[in-house]
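For reference, the structure is listed below as structure tokens.
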Protein chains: 2
Amino acid sequence: MSWKVTLKVSQSKKSVKSKKQTKRKRLSREEREKQIISEAVRYFSEVGFGGQTRELARRLGISQSLLFRYFPTKDDIIKRVYEEVYLSRWKPEWETLLSDRSRPLSDRLNQFYHEYTAAIFEFEWVRILVFSGIKGVTLYQQYIELVHDKILDRICTELRATHNLPDPGKVPLTERETDLAWNFHGGIFYIAIRKFIYGSETREDFTAAIEDSISVFLAGVPSVFKSILKK
Amino acid sequence: MSWKVTLKVSQSKKSVKSKKQTKRKRLSREEREKQIISEAVRYFSEVGFGGQTRELARRLGISQSLLFRYFPTKDDIIKRVYEEVYLSRWKPEWETLLSDRSRPLSDRLNQFYHEYTAAIFEFEWVRILVFSGIKGVTLYQQYIELVHDKILDRICTELRATHNLPDPGKVPLTERETDLAWNFHGGIFYIAIRKFIYGSETREDFTAAIEDSISVFLAGVPSVFKSILKK
DNA sequence: TACTAAAGTGATCAAACGATCAATAAGGAA
DNA sequence: TTCCTTATTGATCGTTTGATCACTTTAGTA
């Protein structure tokens with residue numbers, strides 16, 4: 001028979017937590033739930049969804065069993081983590097911004113990607129997005145669709161307008177045009193992958209890189225348009 | 001007490017395995033090792049490195065304990081999987097191809113990315129690369145360095161030559177130039193991520209998309225070079 | 001202050017999983 | 001055929017981990 005000796009450290013004085021949790025611990029249902037999700041986002045984005053509920057509880061300073069008083073299963077926690085991370089990041093004003101033809105497309109793209117990457121280029125966000133792809137969770141599909149419908153389609157539409165080509169309402173977008181936009185967007189998003197997944201990118205500010213990327217894109221697109229129109 | 005009933009299916013006739021493993025099972029050390037790694041690559045790329053040794057053994061049609069006669073720990077299997085997947089994919093002739101100034105840069109890039117993506121755009125390869133980033137394994141660093149040193153640096157060098165700018169040997173490459181190349185490369189690689197990580201891309205052939213991507217890049221780069229030279 | 005609804009906990013279960021080991025059996029050598 | 005090396009196996013160990021449950025503690029209220 002083996003004995004596991006657990007060292008019981010006295011916590012009578014003060015908790016070491018940075019939160020205002022001095023000596024009370026009993027929180028309201030809503031507060032505790034929020035707290036759990038918030039820490040779960042941080043935790044799972046660090047270690048992946050293989051992370052253990054015990055460690056999550058330890059970080060929260062609560063017992064592991066309490067987690068299961070709030071969420072029936074671990075997967076339910078993960079589901080909520082997705083929702084938390086995906087939702088409420090997209091700003092509707094970006095859609096009008098991209099379509100505002102009173103400004104040069106170059107300006108609009110620069111402002112959009114500046115704000116967009118500021119909202120998205122975050123450790124938790126990027127990693128959880130990639131994890132979701134690996135886990136085969138369907139939620140990422142919503143993200144891909146959002147990018148496609150709200151960003152890429154708009155960019156393609158504006159490119160048409162800039163080059164005095166017919167609106168997609170009249171002549172539907174071709175696969176080649178969408179590919180171009182994906183390629184452009186992917187190049188920018190790949191910065192985030194290098195940074196948060198591979199850790200090979202240590203810079204904080206990518207304004208210059210994004211600016212140049214937009215510059216190359218806008219200057220290079222006409223060459224493909226010419227090739228498309230030849231057919 | 002609970003009993004786990006294991007259904008023992010008679011395998012007297014023929015094994016269902018596609019391999020030539022009819023009734024014999026005893027393989028040589030080398031053969032078995034190869035077989036294990038080969039299946040491990042397939043298995044772990046599907047389910048991630050959280051996959052279980054029991055399931056891996058089941059797929060191989062061997063006992064789980066045999067795995068540990070060939071590899072001390074599960075991590076050793078994973079290490080070998082990395083090596084198998086990363087190594088021997090890079091073709092040295094690509095380096096000379098990219099630098100062959102007797103051909104237009106456009107041709108060279110098209111041929112290179114055509115062959116490169118043919119070698120790399122593979123379910124196992126892409127997923128294991130991404131897993132390695134998540135697991136924090138250091139081996140991915142080698143890949144990032146390879147891309148940087150053998151591809152991006154070369155592309156930047158050739159761009160200089162195309163635009164009659166000084167060789168990097170004289171004037172070192174700037175961060176902006178490297179960023180441009182990363183951006184270009186990332187846009188192409190992001191196709192693979194959409195396909196194998198998110199499953200949102202179902203096409204098989206990306207020749208056209210890559211062609212257009214190269215076209216945009218080469219036509220767009222001068223606009224940035226101008227901006228760099230102004231300073 | 002006493003009561004009570006509900007937040008919170010510790011002990012524990014059962015399954016999953018990596019790893020070990022004594023026993024088995026395949027197949028080449030003699 | 002017999003023998004012996006070694007590939008292979010089944011049983012099992014010890015730990016980890018998600019989940020459960022009876023019990024304890026907190027804090028608002030009458």
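From a predicted model like this one, the values you see are computed outputs, not experimental measurements. First the proteins, then the strands, lettered A, B, ... as listed; each starts at 1. What you see below is based on every heavy atom in this structure, not just the backbone, and it leaves out hydrogens, waters and symmetry mates.
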| field | For E175(A), salt bridge (charged side-chain N to carboxylate O under 4.0 Å, His left out) partners two or more places apart | value | R203(B)
| said: OP1 or OP2 of dT8(D) versus the side-chain N and O atoms of R32(B): is any pair under 4.0 Å? | reply: yes
| request: Starting from C1' on dT24(C), measure out to CG on L66(B) and report it in whole angstrom. | output: 13 Å
| query | Between Q35(B) (CD) and dT8(D) (C1'), how many Å, whole number? | reply | 13 Å
Set out, line by line, the N/O atom pairs under 3.5 Å between protein and nucleotides 19-21 of chain D.
residue: dA19(D); atom: OP2; partner: K74(A); partner atom: N; Å: 2.7
residue: dA19(D); atom: N7; partner: Q64(A); partner atom: NE2; Å: 3.2
residue: dA19(D); atom: N6; partner: Q64(A); partner atom: OE1; Å: 2.9

| Nearest-Å distance for atom pair NZ/P, residues K34(A) and dA7(C) | 16 Å
| task | Could you state the atom-to-atom distance from CZ of R26(B) to P of dT6(D) in whole Å? | result | 9 Å
| request: May I have the distance from E55(A) (atom CD) to dT15(D) (atom C1'), rounded to whole angstrom? | output: 17 Å
| query | With a 3.5 Å cut-off and just heavy-atom distances, do the side chain of R29(B) and the base of dT6(D) make a donor-acceptor pair? | reply | no
| Want to settle it: does S28(B) or G51(A) sit nearer the 5' end of DNA chain D, counting the closest nucleotide to each? | S28(B)
| When all nucleic acid strands are considered with a 4.0 Å heavy-atom cut-off, which category describes Y70(A): base, sugar-phosphate, or nothing? | sugar-phosphate
Less than 3.5 Å apart, which donor and acceptor atoms pair up between the side chains of residues 205-213 of chain A and the rest of the protein, not counting sequence neighbours?
residue: D205(A); atom: OD1; partner: T207(A); partner atom: N; Å: 3.4
residue: D205(A); atom: OD1; partner: T207(A); partner atom: OG1; Å: 2.5
residue: D205(A); atom: OD2; partner: T207(A); partner atom: OG1; Å: 3.4
residue: D212(A); atom: OD1; partner: R176(B); partner atom: NH2; Å: 2.8
residue: D212(A); atom: OD2; partner: R176(B); partner atom: NE; Å: 2.8
residue: D212(A); atom: OD2; partner: R176(B); partner atom: NH2; Å: 3.3
residue: S213(A); atom: OG; partner: N183(B); partner atom: ND2; Å: 3.0

| request: Could you check how far CG of L67(B) sits from C1' of dA7(D), rounded to whole Å? | output: 13 Å
| message | Run the salt bridge (charged side-chain N to carboxylate O under 4.0 Å, His left out) test against K74(A) and tell me which residues pass, sequence neighbours left out. | response | none
| message | Once side chain to side chain donor-acceptor pair (under 3.5 Å) is applied, do any residues pair with D100(B), and if so which ones, sequence neighbours excluded? | response | S102(B)
| For Q64(A), what residues pass the side chain to side chain donor-acceptor pair (under 3.5 Å) criterion, not counting sequence neighbours? | T53(A)
| task | Over 60° means perpendicular and under 30° means parallel, so classify the ring planes of F189(A) and W125(A), tilted if in between. | result | perpendicular
| field | Separation of atom CD1 in I62(B) from atom C1' in dG10(D), rounded to whole Å | value | 14 Å
